[in-house]
Amino acid sequence: MSDDAEEFGAEMPTVPSADPSLPGSIELGAFSVSLSVADLAASRSFYEHLGFVVTGGDPDGGWQIMKNGESTIGLFQGMFEGNILTFNPGLTNRMELLESFTDVRDIESRLDDAGIELAQRVDADNADGPGSIVLTDPDGNVIMLDQHVPRPR
């Protein structure tokens, strides 16, 4: 695991794999909604009133992650336009690191085989580390698969 990945998962428990009884044909990882916000502090306060608590981020850098149970939202000020559906391969919604999961590069290959156009691809020079892909669904919703951890062994 890289230093960044070790730091990222320093406080997270590790489990062997995702629950195999869950539905789906491609394991996408933890799901969250990344919200583009005008005022980070005001948005954080609003979501705190809905029971969310800050679990990560960098408020000076313009972003925070908040959770309420297994629900996760990311608040991002000035980083992108619109909201993004976000999946994190290698993580569960319970914020556990997975030892075995579908790597973002494998998902990218499956999408290529299906003829799905990608707006952003994993860096070709990055064969094993963290990586991201971005695509847009037929209705214009942006989807990001953002893997923070290295390829599983």
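Numbers here simply count residues along the sequence, with the first being 1. What you are looking at is a predicted structure, and each value in this text was computed from that prediction instead of being measured.
- Contact annotation: the side chain of L145 approaches that of L135 to within less than 4.5 Å [non-hydrogen atoms, C-beta and beyond].
- No donor-acceptor contact under 3.5 angstrom links the side chains of N88 and Q147, judged on distance only.
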Given the rule in the side chain to side chain contact (heavy atoms under 4.5 Å, CB included) test, do L75 and Y47 qualify, once you have shown the distances and angles that lead to the verdict? CA-CA 10 Å; L75 306 176; Y47 284 101; 4.1 Å; yes

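- Hydrophobic clustering (ILVMFWY, side-chain heavy atoms < 4.5 Å, transitive): V33 and V142 are in distinct clusters.
- We find the CZ-OG distance between F80 and S34 to be 5.0 Å, quoted to the nearest 0.5 Å.
- Between S100 and P152, the shortest heavy-atom distance links the atoms CA-CB, 4.3 Å.
- Distance check, rounded to the nearest 0.5 Å: CG of N93 to OG of S32 gives 8.5 Å.
- I133 places a side-chain heavy atom less than 4.5 Å from the side chain of L111.
- Side chains of M12 and L91 form a contact here, defined as non-hydrogen atoms less than 4.5 Å apart.
- V104 and L28 fall within a single hydrophobic cluster, where Ile, Leu, Val, Met, Phe, Trp and Tyr side chains are chained together by heavy-atom contacts under 4.5 Å.
- Interatomic distance, CG of D19 versus CZ of R94, reported as 9.0 Å (0.5 Å rounding).
- A donor-acceptor contact closer than 3.5 angstrom is absent between the side chains of K67 and T55.
- A donor atom on one side chain and an acceptor atom on the other are not found under 3.5 Å apart for T86 and D146.
- With rounding to the nearest 0.5 angstrom, the CE atom of M66 is 9.5 Å from the OG atom of S43.
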- From CA spacing to verdict: side chain to side chain contact (heavy atoms under 4.5 Å, CB included), I65, V54: CA-CA 6 Å; I65 305 301; V54 173; over 6 Å; no

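- In this structure, the side chain of D139 does not engage the main chain of N141 through any donor-acceptor pair within 3.5 Å.
- Under the 4.5 Å side-chain contact rule for hydrophobic residues, L35 and V134 do not share a cluster.
- In this view, D113 and S109 satisfy the side-chain contact (heavy atoms from CB on, under 4.5 Å) rule, not counting sequence neighbours.
- Using a distance-only test at 3.5 Å, with no hydrogens or angles considered, a donor-acceptor pair links the side chain of N68 to the main chain of L50.
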Donor-acceptor list for residues 115-129 side chains, cut-off 3.5 Å, not counting sequence neighbours:
{"from": "R121", "atom 1": "NH1", "to": "D112", "atom 2": "OD1", "distance (Å)": "3.1"}
{"from": "R121", "atom 1": "NH2", "to": "D112", "atom 2": "OD1", "distance (Å)": "3.2"}
{"from": "R121", "atom 1": "NH2", "to": "D112", "atom 2": "OD2", "distance (Å)": "2.5"}
{"from": "D123", "atom 1": "OD1", "to": "D125", "atom 2": "N", "distance (Å)": "3.1"}
{"from": "N126", "atom 1": "OD1", "to": "G129", "atom 2": "N", "distance (Å)": "2.7"}
{"from": "N126", "atom 1": "ND2", "to": "P130", "atom 2": "O", "distance (Å)": "2.3"}

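- A distance of 11.0 Å separates CG in L40 from OG in S45, rounded to the nearest 0.5 Å.
- The shortest distance between side-chain heavy atoms of F52 and I73 falls below 4.5 Å.
- Judged as a ring pair (Phe, Tyr, Trp, His ring centres under 6.0 Å), not a single pair has a partner in residues 89-147 (not counting sequence neighbours).
- Shortest non-hydrogen contact noted between S25 and R110 is O-NH1, 3.4 Å.
- With rounding to the nearest 0.5 Å, the separation of CD1 in I84 from CD1 in I143 is 10.5 Å.
- N83 places a side-chain N or O within donor-acceptor distance of the main-chain N or O of S36, the cut-off being under 3.5 Å.
- By the 4.5 Å heavy-atom criterion applied to side chains, V15 and L97 are not counted as neighbours.
- Within the structure, the ring pair (Phe, Tyr, Trp, His ring centres under 6.0 Å) test picks out the following pairs touching residues 22-46 (sequence neighbours left out): F31-F87.
- Under a 4.5 Å side-chain heavy-atom criterion applied to ILVMFWY residues, the cluster that includes L22 comprises that residue alone.
- Looking only at distances, a side-chain donor or acceptor of T92 sits under 3.5 Å from a matching main-chain atom of E96.
- Here D60 pairs with D58 under the side-chain contact (heavy atoms from CB on, under 4.5 Å) rule; sequence neighbours left out.
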